[in-house]
Amino acid sequence: MEETKKKEIEERVITKNSGFKMLFLIIAGYISAILCFICCYYLSTDITSDNTILCGILMILGIILVVLFTFLQRGFHILTPNEAIVLTLFGEYYGTIKKEGFYYTNPFASCMAPGKEKNTATQKKISLKTLTLNNKQQKVNDQLGNPIIIGAIAVWKVVNPTKAILNVENYQTYLSIQCDSVIRNISRLYPYDLLQEEEENSHEKTLRGSSQEIADSMKQALEERVKEAGIAIEEVRITHLSYAEEIAAAMLQRQQAEAIISARKKIVEGAVGMVEMALEKLDEQQVIALDDERKAAMVSNLLVVLCGHQEAQPIINSGSIY
């Protein structure tokens with residue numbers, strides 16, 4: 001069984017159909033219709049001759065001209081900068097207007113609105129401006145299974161309005177759903193954070209430490225998914241990242257414990273260096289001769305003073321330790 005391939009629609013840009021010529025023609029048509037009505041009036045008031053048939057012809061001609069040129073007005077389109085409209089004619093793709101200006105097209109051609117929007121002129125026009133999609137915060141599990149809350153924004157714009165209208169139902173809804181999916185899928189590939197020991201011996205990316213690299217990965221993945229809808233992704237940034245409420249308190253305690261351990265480690269390393277330096281200075285300058293037991297007592301006292309939380313309270317010993 002042969003696979004049916006999706007037919008690729010080639011974009012046809014309408015650029016030369018200026019509406020001013022048709023505008024002058026329609027104005028001339030309305031003037032002709034008014035002249036028909038005026039002539040009909042004067043003929044009907046002339047009692048010297050029977051002009052009933054001619055008057056009727058002029059009346060019918062004037063009505064036809066009014067109806068005809070009123071219908072022809074449907075072909076006018078006015079576009080401001082960074083706007084586009086996609087036109088279809090009897091169900092087939094007719095063309096796309098992407099440049100600002102005053103245009104006239106086939107009056108039977110209709111503008112397509114994205115999705116099932118109401119048929120208004122504003123919603124028929126497609127904005128080509130750079131827009132921002134503020135993705136709502138969502139709860140996902142990271143690589144380690146920890147529930148986290150993450151939110152991101154996507155900076156995007158429509159580069160192919162034909163694909164945006166004809167290939168998807170509603171390109172804005174399509175982009176929003178794809179953005180949710182990409183953020184959820186990529187967030188599961190990385191841990192929120194690593195333990196301090198793991199960070200020192202690992203170059204693994206984390207959501208907290210490598211947010212820019214992960215945002216770039218989200219941009220590439222999202223770009224691939226929305227290419228079919230004629231959308232270009234300019235930037236993706238993570239705007240919110242935190243642990244979920246149910247584990248936030250526990251993770252905060254873990255981070256506090258790691259910070260305390262790290263601080264203690266630095267304090268002990270500094271205290272040991274200071275004690276070692278003090279003993280070396282005493283030996284070099286021969287201020288006092290200390291045996292091993294006295295050195296042990298001095299080291300113990302210095303470590304207590306340097307590593308303690310509270311200020312030291314010195315005690316003067318007037319006797320001997322022996």
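Only a predicted model underlies this, so the values are computations on that prediction, with no experimental measurement involved. As a basis for the values below, the full set of heavy atoms in this structure was taken, side chains included, without hydrogen atoms, waters or symmetry mates.
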(Q) Does Q137 form a side-chain contact (heavy atoms from CB on, under 4.5 Å) with I150? I'd like the steps, not just the answer. (A) CA-CA 5 Å; Q137 298 176 10; I150 186 170; over 6 Å; no

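No donor-acceptor pair under 3.5 Å is formed between the side chain of D142 and the backbone N or O of R188. Using modelled atom types, no side-chain atom of S181 and backbone atom of I177 make a donor-acceptor pair closer than 3.5 Å. In this structure, S211 contributes its side chain and L207 its backbone to no donor-acceptor pair below 3.5 Å.
Remark: R12 pairs with no residue by the salt bridge (charged side-chain N to carboxylate O under 4.0 Å, His left out) rule, at least two apart or across chains. Remark: Y174 engages no residue in a ring pair (Phe, Tyr, Trp, His ring centres under 6.0 Å) (not counting sequence neighbours). Under the salt bridge (charged side-chain N to carboxylate O under 4.0 Å, His left out) criterion, E100 pairs with no residue at all, not counting sequence neighbours. Shown here are the ring pair (Phe, Tyr, Trp, His ring centres under 6.0 Å) partners of F20, two or more places apart in sequence or in another chain: F102. Listed by chain and number, the residues in a ring pair (Phe, Tyr, Trp, His ring centres under 6.0 Å) with F24 amount to none (sequence neighbours excluded). For S217, the side chain to side chain contact (heavy atoms under 4.5 Å, CB included) partners two or more places apart in sequence, or in a different chain, are I186, Y190. Looking at residues two or more places apart in sequence or on another chain, you find no salt bridge (charged side-chain N to carboxylate O under 4.0 Å, His left out) involving K99. Contacts of R184 classified as side chain to side chain donor-acceptor pair (under 3.5 Å), with partners at least two apart in sequence or in another chain: Q138. Residues meeting the side chain to side chain donor-acceptor pair (under 3.5 Å) test with S210, sequence neighbours left out: none.
By the 4.0 Å N-to-carboxylate-O rule, E235 lies close enough to R237 to be salt-bridged with it. Using a 4.0 Å cut-off between charged nitrogen and carboxylate oxygen, E223 and K219 count as a salt-bridge pair.
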What side-chain donor-acceptor pairs closer than 3.5 Å can you find for residues 151-161, not counting sequence neighbours?
residue, atom, partner, partner atom, Å
N160, OD1, T162, N, 3.2
N160, OD1, K163, N, 3.2

Which donor-acceptor pairs under 3.5 Å do the side chains of residues 56-73 make with protein atoms, sequence neighbours left out?
residue, atom, partner, partner atom, Å
T70, OG1, Y30, OH, 2.9
T70, OG1, V66, O, 2.5
Q73, NE2, Y30, OH, 2.4

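Remark: L175 CG to L222 CG distance equals 6.0 Å, nearest 0.5 Å.
Residues F108 and F90 bring their aromatic ring centres within 6.0 Å.
Contacts classified as salt bridge (Lys or Arg N to Asp or Glu O under 4.0 Å) and involving residues 79-90 (residues at least two apart or in different chains) are given here: E83-K125.
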